[in-house]
Amino acid sequence: SMAAAARQLDCTRAQVSKQIGDLERSLGQRLFERATRRLSLTPAGEVFLQHARRALEAVDSAELALRHLGETPQGMLRISATLAFGRRYIAPLLPSMVEKYPGLECELVLTDQLVDLVADRIDLALRLTKAPPEDAVARPLLQLERHLCAAPAYLAAHGTPQAPQDLPLHRCFSYLFTDDGHWRLTDREGAEIRVPIHSPLRYNNLECLEDAILAGQGIGILPDFLCAPALADGRLIRVLPDHEPQVRFGRHLYACYTPSRIRLPKVKVFLAELEAALTPVPPWRQGRK
């Protein structure tokens with residue numbers, strides 16, 4: 001009865017009656033058959049009751065999940081990284097994480113384009129950038145090195161550049177078409193030189209670029225996380241080692257996330273895994289003299 005409902009809700013019978021009336025008008029359906037001594041549900045009321053019970057169960061489940069939010073990493077962890085770096089150094093971290101935390105699921109979104117942390121529902125994005133987003137927390141993880149590289153076969157066939165001014169005579173590969181047909185190189189004294197470069201082949205993927213350079217098709221700029229193994233075993237040779245390439249992406253790798261995300265255990269454990277894997281010395285520099 002409405003009187004019993006009013007007692008349970010600690011309000012008046014008139015308030016209960018008004019709320020039911022408001023609900024029926026909102027739904028456009030009568031929920032109760034009213035008789036002198038009793039109320040019964042209409043067919044619409046029966047359907048609404050089933051959905052209402054499921055809604056309350058969902059609320060209870062949400063409250064339970066939030067109460068346990070601070071205890072164990074759980075739920076979906078959505079990570080974004082660039083194609084080459086993510087495939088080689090982030091993807092291998094995830095299987096052990098989901099084994100360690102059974103309530104955790106991971107999605108790795110690999111793209112060289114910038115993602116929107118909010119709109120794309122990204123918990124953490126790894127970005128190589130000079131300017132991390134102002135509306136996010138950006139934790140610096142490491143500094144990358146970039147080298148001019150070529151295969152021994154290319155240098156044997158075309159000669160080795162002795163100065164930046166020699167580069168226009170060579171086939172030079174660029175990444176993502178972002179150099180406007182020029183490379184900027186800085187020498188050991190910090191002086192910068194801008195040289196025109198050209199190649200009939202262009203790629204917007206670092207791993208395609210690496211494959212072309214390894215195949216002896218030209219000279220290119222590669223980050224050390226890609227080229228370090230090939231430099232170590234002689235498949236690649238550094239060109240103009242006294243000059244450092246300057247690119248628009250900068251040198252820093254950042255872990256970027258919205259301020260609310262750092263409180264989530266799933267983000268905390270992933271950051272810990274990242275730092276253990278990449279610092280103080282990243283794997284591609286270990287053992288290097």
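Comment: Glu210 engages Arg88 in a salt bridge, judged by a side-chain N to carboxylate O separation of less than 4.0 angstrom. Using a 4.0 Å cut-off between charged side-chain N and carboxylate O, Asp123 and Arg261 make a salt bridge. A salt bridge does not link Glu273 with Lys268: none of the charged nitrogens is closer than 4.0 Å to a carboxylate oxygen. Between Arg184 and Glu192 a salt bridge is recorded (basic side-chain N to carboxylate O distance below 4.0 Å).
Inter-residue side-chain proximity for Val269 and Met97 is flagged as met; some heavy-atom pair is nearer than 4.5 Å. With a 4.5 Å cut-off on side-chain heavy atoms, Leu31 and Leu49 do not count as touching. Contact annotation: the side chain of Cys172 never approaches that of Ser199 to less than 4.5 Å [non-hydrogen atoms, C-beta and beyond]. Side chains of Cys256 and Val137 form no contact here, defined as non-hydrogen atoms less than 4.5 Å apart. Residues Met2 and Ile20 are in side-chain contact: their nearest non-hydrogen atoms beyond the backbone lie under 4.5 Å apart. With contacts defined as side-chain heavy-atom distances shorter than 4.5 Å, the pair Gln162/Thr160 qualifies. Counting only heavy atoms from C-beta outward, the side chains of Leu274 and Ile90 approach each other to under 4.5 Å. Annotation: side chain of Thr129 is not in contact with side chain of Leu114 (no heavy-atom distance under 4.5 Å).
The CG atom of Leu240 sits 9.0 Å away from the CH2 atom of Trp183 when rounded to the nearest 0.5 Å. Phe270 CZ to Leu104 CG: the interatomic distance, rounded to the nearest 0.5 Å, is 10.5 Å. In this structure, Leu226 CG and Leu209 CG are separated by 8.5 Å, a value rounded to the nearest 0.5 Å. Taking CD from Glu275 and CZ from Arg139, the interatomic distance works out to 5.0 Å, rounded to the nearest 0.5 Å. With rounding to the nearest 0.5 angstrom, the OH atom of Tyr257 is 11.5 Å from the CG atom of Leu264. Taken from CG in Asp211 to CD in Gln217, the straight-line distance is 9.0 Å, to the nearest 0.5 Å.
No more than 12 heavy atoms of other residues, nucleotides or ligands lie within 6.0 Å of CG in Asp10, so this atom counts as exposed by the packing criterion. Environment of CZ in Arg34: crowded, with over 12 heavy atoms of neighbouring residues, nucleotides or ligands closer than 6.0 Å.
Remark: the Thr42 side chain and the Glu33 side chain contain no N/O donor-acceptor pair separated by less than 3.5 Å.
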Working note: Gln74 + Lys266, criterion side-chain contact (heavy atoms from CB on, under 4.5 Å); need CA distance, chi angles, decisive distance, verdict. CA-CA 6 Å; Gln74 58 184 314; Lys266 61 183 181 180; over 6 Å; no
Could you walk me through whether Leu142 and Tyr254 satisfy the side-chain contact (heavy atoms from CB on, under 4.5 Å) test, starting with their C-alpha distance in whole Å, then the side-chain angles of each, then the deciding distance to 0.1 Å, before giving a yes or no? CA-CA 8 Å; Leu142 55 87; Tyr254 292 94; over 6 Å; no
Please test Val195 against His182 for side-chain contact (heavy atoms from CB on, under 4.5 Å), starting from the C-alpha separation and ending with a verdict. CA-CA 5 Å; Val195 294; His182 290 80; over 6 Å; no
Test side-chain contact (heavy atoms from CB on, under 4.5 Å) on Arg78 and Val109; report intermediate values, then the result. CA-CA 7 Å; Arg78 194 166 161 84; Val109 179; 3.9 Å; yes
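Under a 3.5 Å cut-off, the side chain of Asp166 and the backbone N or O of Ala163 do form a donor-acceptor pair. Judged purely by atom type and a 3.5 angstrom limit, Gln19 has no side-chain atom pairing as donor or acceptor with the backbone of Val16. Without hydrogens or angle criteria, Asp120 side chain to Ile122 main chain gives no donor-acceptor distance under 3.5 Å. The main-chain N or O of Val115 is found under 3.5 Å from a side-chain atom of Arg127 such that the two form a donor-acceptor pair. For the pair Asp187 (side chain) and Ala191 (backbone), a donor-acceptor distance under 3.5 Å is present.
Leu144 and Leu236 fall within the same hydrophobic cluster, where Ile, Leu, Val, Met, Phe, Trp and Tyr residues are linked whenever their side-chain heavy atoms come under 4.5 Å apart, directly or through other members.
Annotation for Ile237 and Pro152: closest pair CD1-CG, 3.8 Å, computed over non-hydrogen atoms.
In this structure, the salt bridge (Lys or Arg N to Asp or Glu O under 4.0 Å) partners of Arg188, at least two apart in sequence or on a different chain, are Asp242. Looking at residues two or more places apart in sequence or on another chain, you find a ring pair (Phe, Tyr, Trp, His ring centres under 6.0 Å) between Tyr154 and His158, His170.
Classification of the Phe225-Phe85 ring pair by plane angle, with boundaries at 30° and 60°, yields perpendicular.
The ring pair (Phe, Tyr, Trp, His ring centres under 6.0 Å) analysis of residues 10-53, with sequence neighbours excluded, yields no pairs.
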